[in-house]
Amino acid sequence: MATQAHDLVFTHRFVSGSDPTTLLLLHGTGGNEDDLLPLGRELAPNAALLSPRGRVLERGMPRFFRRLAEGVFDQQDLALRTDELAGFVAAAASQYKFDAGRVIAVGYSNGANIAASVLLKHPRVLSGAVLFHPMVPFEPAPLPSLPGTPVFMSAGTADAMVPRPLTERLAELLRASGGRVTVHWENGGHELSRSEVDAARAWLSLASIPNT
Ligand code: MLT
């Protein structure tokens, strides 16, 4: 993908790191570019952190793409915003001189959904992903090629926003695309819990992340 300075369209934070991995931090609805910086530091203490703010506003709350109702996504906007985020990652890599082949997304809720969308639409942009409470952003046809791409997903058995079949369907799509998927279940709802962050940290420290 061509990288041009004007692709750096998201308000964002970039924190450099001492190891070659960059975490792309993607907040939930109503969050911003500062929200997940502490989480990113905790998950990978030496990684660089790239944290954009979603460019869509829903009643003043930043999101990464429009939705028509809770859990019903504006597919046209999702496709456009997914391309925009993929372009931003490439542009940020050239601006900040990090390795575009070693970017791992960490997203929560709406941020996990745009991360899953990038995996499914631009499979070479991410080397791996940590998806906290994702849904199926869209049904890709044909399936992308994600050979060996490691993906950690977490979900809540009592999550009213993400019914269990949606979590299972996303895991199935990613596996059918070649991804190495770990699904972690919590006995809770849509909130991010301490134990799933601990599980993600442990997974990340063991996952062997391929270069894209
Ligand atoms: C949210 O909290 O934003 C929803 O669960 C997911 C979404 O709309 O992307």
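We count ligands from 1, going down the list as the structure has it; atoms in each ligand are counted the same way.
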Give the C-alpha distance, both sets of side-chain angles, the deciding distance and a yes or no for ring-ring contact (aromatic ring centres under 6.0 Å, His included) between H190 and F132.
CA-CA 9 Å; H190 199 61; F132 294 116; over 10 Å; no
Is the cationic atom of R67 (NZ for Lys, CZ for Arg) positioned less than 6.0 Å from the six-membered ring centroid of F65 and within 45 degrees of its normal?
no
Over-ring placement of R66 relative to F73, 6.0 Å and 45° cut-offs
no
Just let me know how H133 lines up against ligand 1, side chain, backbone, both or neither, with a heavy-atom cut-off below 4.0 Å.
neither
Taking non-hydrogen atoms only, is N113 closer than 4.0 angstrom to ligand 1 via side chain, backbone, both or neither?
side chain
Give the residue, atom name and distance (to 0.1 Å) of the protein heavy atom nearest [atom].
atom	value
atom 5 (O) of ligand 1	M161 SD, 2.8 Å
atom 2 (O) of ligand 1	S109 OG, 2.7 Å
atom 3 (O) of ligand 1	T29 OG1, 2.5 Å

Examine ligand 1 and decide if any of its atoms is less than 4.0 Å from a heavy atom belonging to F65.
yes
Heavy-atom contacts with F73 under 4.0 Å: which atoms of ligand 1 show up? List them by number with element.
7 (C), 8 (O), 9 (O)
Which atoms of ligand 1 have any heavy atom of H190 under 4.0 Å away?
2 (O), 5 (O)
Run the salt-bridge test on E84 and R81 with the 4.0 Å N-O cut-off and return the result as yes or no.
yes
Check ion pair E139-K121 (N to O, under 4.0 angstrom)
no
Of E70, R63, R66, the residue with the heavy atom nearest atom 8 (O) of ligand 1 is R63
Aromatic ring pairing Y108/H133, orientation class (parallel under 30°, perpendicular over 60°, tilted between)
perpendicular
With no hydrogens and no angle check, do the side chains of D83 and H122 hold a donor and an acceptor under 3.5 Å apart?
yes
